[in-house]
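In what follows, a structure is listed as structure tokens, so that the remarks can point back to it.
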Amino acid sequence: MYLYPIWVRLWHLINAITIIILIVTGLSMQYTDKQQYVLVVGFARAVKWHNIAAVVLTVNYIFYVLGNITTENGKYYKIQKENFLKDLLKQLRYYAFGMFKGEKHPFPVTFERKFNPLQKLSYVLAMYVALPLLIISGVGLLFPETVLNRFLGISGLILTDILHITMGFFVSIFLIIHIYTCTLGSKPTSLFKSMLSGFHESDDH
């Protein structure tokens with residue numbers, strides 16, 4: 001079934017590339033000695049490419065939000081309170097035990113439900129909580145004059161930096177888990193191919 005329109009695939013590709021660049025350059029900035037030790041790339045180059053990737057990510061994120069508002073894709077992120085906890089536990093059980101026993105997926109992909117309950121929760125937290133906070137704190141670090149001088153007796157810039165690093169860590173962990181779960185389709189490569197073709201291959205294929 002055709003589930004991933006071209007704009008979603010384009011956004012996903014740009015998002016993946018920029019986040020990887022941000023992770024690599026962010027780690028380089030964190031652990032590179034300005035004079036001697038270099039991790040992946042030098043400090044100055046890491047700063048330059050981190051800022052470029054951050055601008056691209058921000059513009060791409062705005063495109064993503066507008067796309068979800070103006071198309072039907074936004075419906076996939078709406079969490080229904082009814083039975084959500086029960087469905088979430090059912091999905092967790094499947095990932096922990098069911099899939100190793102050959103059980104059928106409790107929430108197969110359809111036109112009405114692209115994400116299972118656990119995916120939906122993690123995507124909402126990543127895309128509508130962690131990523132906005134990452135972008136906002138990044139803007140604060142890029143333009144420190146916009147940050148509060150002090151908050152509860154602590155430097156506003158330090159708090160912004162901590163928030164940025166924390167959100168960067170969560171997004172990095174999300175990326176690792178996301179790549180792993182993308183190997184759990186009908187074949188290990190099925191979901192990756194879906195992002196190229198737009199067509200989802202059923203688990204019963």
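These values consider heavy atoms only, across backbone and side chains, with no hydrogens, waters or symmetry-generated copies. The model shown is predicted, which means the values in this text are computed figures rather than measured ones.
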Does S194 reach the main-chain N or O of S190 with its side chain, forming a donor-acceptor pair under 3.5 Å?
-> yes
Between M1 and V109, what is the shortest heavy-atom contact and its length?
-> CE-O, 3.4 Å
Please, which pairs that meet side-chain hydrogen bond (donor to acceptor under 3.5 Å, both in side chains) have at least one residue in residues 122-131, sequence neighbours excluded?
-> N68-Y128, Y123-H178
If you take all heavy atoms of F111 and Y76, which pair is closest and at what distance?
-> O-OH, 2.6 Å
Is there a chain of hydrophobic side chains (I, L, V, M, F, W, Y, each step under 4.5 Å between heavy atoms) that links V129 to I79?
-> yes
Heavy atoms only: give me the nearest M127-W11 pair and the separation to one decimal.
-> CE-CZ2, 3.4 Å
Within 6.0 angstrom of K193 NZ, more than 12 heavy atoms from elsewhere = no
Side-chain donor or acceptor of N116 paired with backbone N/O of Q119 under 3.5 Å | yes
Note: T160 and S137 closest approach over all heavy atoms is CG2-O, 3.3 Å
Please report the shortest heavy-atom distance between L157 and P144, naming the atom on each side.
-> CD1-CB, 3.9 Å
Determine yes or no for a side-chain-to-main-chain donor-acceptor pair under 3.5 angstrom, with R9 supplying the side chain and M195 the backbone.
-> no
Determine the minimum heavy-atom distance between L191 and T181, stating which atoms define it.
-> CD1-O, 3.9 Å
Counting only heavy atoms not in W49, do more than 12 sit closer than 6.0 Å to its CH2 atom?
-> no
